[in-house]
Number of protein chains: 2
Amino acid sequence: MRLTRAGEYAVRCVLYLSAKGKGTLIGRKEIAEHCDIPDKFLAKIAQQLARVKLIEISQGARGGYVLKREPRDISLLEVVEAIIGEIALNDCVTSSAVCRASGNCAVNRVWIKVRNQLRDTLAGVSFAELLTEDSCFLAPVSVPLDFRGKPKR
Amino acid sequence: MRLTRAGEYAVRCVLYLSAKGKGTLIGRKEIAEHCDIPDKFLAKIAQQLARVKLIEISQGARGGYVLKREPRDISLLEVVEAIIGEIALNDCVTSSAVCRASGNCAVNRVWIKVRNQLRDTLAGVSFAELLTEDSCFLAPVSVPLDFRGKPKR
DNA sequence: TTTATATAAGACCAATAAGGTCTCATTTGT
DNA sequence: ACAAATGAGACCTTATTGGTCTTATATAAA
Ligand code: FES
Ligand code: FES
């Protein structure tokens, strides 16, 4: 019951890109080094982030990654779910084949509740917010007032 | 990021025992069959439940399991954590060796928050409550008014 | 236009964890 | 004593995670 390494790495990566600002091209190696992510593994993770349009990847010499959205509009949930898929917590929630009475089960209802709670909280934290505080791999960054606050989407 | 099978089985098992009432001895096979849990696997799970004194195991012919506490005093959280250990969600929360700035990290703080939220919600649901509604493997049971409501511990 | 640098895509591999079984010992009712 | 049940832990199988490798492709710069 824990976030995968890939998920944590993705968060770090997006946080690093957020600090540099939307639209800034950063080499993969720089990110890997600063965020302590295995270089090749980051490549794989970045591809997933690109698939959901969070970043854009440019190839060739002087290639790298570019954040495509404003940090204030990116939620923690989005980044996490881009990597590990929609959070479910237990199997009954997704596949109704597991339990006999799925859909009408007191236990299941509790799991759905905590799952929604968890997703809501993660959805309520933007990378702009994270940037205003100290984090691993990153000193806090002063963010213009306009860009603080909760994510829109 | 999901509850293990063992965790789900444990919940079913305790729910079944709750329906029979505290102090009632039930054979392992009966539980395994009704709750659709592999017999031998249930044995292993039961041992973990016994270790935290949720149930008591009696050996020998006509042996089986006995619920040791009132369903209204057993929370979902307790049963789950008896099996999978304390819920953590991400590694930084437990082992500070993973990230560089653990203890003072915005990301980490969010994870701690959602983790506490999740644990609180699960802690707020008793098996007596679960019994009043329909569940997989179990028809709803009428529970005396006195025994409904939130868990004490 | 060649070369060096960088990523893409996916196959591939190693380590860990989950899910479950088996064996042998022990306990207890009859 | 014997049959019926569980205990404890080794053991096995499969799935997931975490990560690397290989070949191909794109681009900047010489
Ligand atoms: S639907 Fe799975 S526990 Fe009830
Ligand atoms: S402490 Fe692990 S992400 Fe910051």
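A note on names: the letters A, B, ... follow the listed sequences, proteins ahead of strands, and every chain is numbered from 1.
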K.L.:
Determine the interplanar angle of the Tyr9(B) and Phe41(B) rings, folded into 0 to 90°, and report it as parallel if under 30°, tilted if 30 to 60°, perpendicular if over 60°.
P.N.:
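Ring orientation of Tyr9(B) relative to Phe41(B): perpendicular.
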
K.L.:
Answer yes or no: is there a donor N or O on one side and an acceptor on the other, between the side chain of Arg28(A) and the main chain of Gly64(A), under 3.5 Å?
P.N.:
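No.
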
K.L.:
Using a 4.0 Å heavy-atom cut-off, write out nucleotides 11-16 of chain D from 5' to 3' as B (base contacted by protein), S (sugar-phosphate only) or - (no contact).
P.N.:
------

K.L.:
If you look at every strand shown and take non-hydrogen atoms under 4.0 Å, does Ala46(B) touch a base, only sugar-phosphate, or nothing?
P.N.:
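Nothing: the residue Ala46(B), judged by heavy atoms under 4.0 Å, touches no strand.
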
K.L.:
Under a 4.5 Å cut-off applied to non-hydrogen side-chain atoms, are Phe127(B) and Ser75(B) in contact?
P.N.:
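Sidechains of Ser75(B) and Phe127(B): no contact.
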
K.L.:
Which pairs with one or both residues in residues 40-66 of chain A pass salt bridge (Lys or Arg N to Asp or Glu O under 4.0 Å), sequence neighbours excluded?
P.N.:
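Pairs touching residues 40-66 of chain A that pass the test: Glu56(A)-Lys68(A).
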
K.L.:
Counting only side-chain N and O atoms of Arg28(B), is one of them less than 4.0 Å from OP1 or OP2 of dT6(D)?
P.N.:
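Yes, within the criterion.
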
K.L.:
Any non-hydrogen side-chain atom of Leu89(B) less than 4.5 Å from a side-chain atom of Leu118(A)?
P.N.:
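Yes. Closest side-chain heavy atoms under 4.5 Å.
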
K.L.:
Which residue, Lys29(A) or Pro38(B), contacts DNA chain C at a nucleotide closer to its 5' end, judged by nearest heavy atom?
P.N.:
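Result of the comparison: Lys29(A).
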
K.L.:
State whether the side chain of Glu129(B) and the backbone N or O of Ser126(B) hold a donor-acceptor pair below 3.5 Å, judged by distance alone.
P.N.:
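Present.
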
K.L.:
Below 4.0 angstrom, N of the basic side chain to O of the carboxylate: do Lys20(B) and Glu30(B) qualify?
P.N.:
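Yes, this pair counts.
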
K.L.:
Check this one for me: any side-chain N or O of Gln47(B) less than 4.0 Å away from OP1 or OP2 of dT6(D)?
P.N.:
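So the side-chain polar atoms of Gln47(B) never come under 4.0 Å of the phosphate oxygens OP1 or OP2 of dT6(D).
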
K.L.:
Name the pairs: protein N/O against N/O of nucleotides 25-29 of chain C, kept only if under 3.5 Å.
P.N.:
unit_1  : atom_1 : unit_2   : atom_2 : d
dT27(C) : O4'    : Gln59(B) : NE2    : 2.7
dT27(C) : O2     : Gly60(B) : N      : 3.1
dT28(C) : O2     : Ala61(B) : N      : 3.3

K.L.:
Please examine the side chains of Leu77(A) and Ile87(A), heavy atoms only from C-beta on, and report whether any two atoms are closer than 4.5 Å.
P.N.:
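Answer yes - side chains close enough.
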
K.L.:
If only side-chain N and O atoms of Tyr65(B) are considered, is one of them under 4.0 Å from the OP1 or OP2 phosphate oxygen of dA5(D)?
P.N.:
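Tyr65(B) to dA5(D) OP1/OP2: no side-chain N or O under 4.0 Å.
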
K.L.:
Assuming nearest nucleotide by heavy-atom distance, tell me which of Lys40(B) and Gly27(A) is located more 5' along DNA chain C.
P.N.:
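On the 5' side of the pair lies Gly27(A).
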
K.L.:
For Ala50(B) and for Phe41(A), locate the closest nucleotide of DNA chain D by heavy-atom distance; then report the residue assigned to the nucleotide nearer the 5' terminus.
P.N.:
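Looking at DNA chain D, the more 5' nearest nucleotide goes with Ala50(B).
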
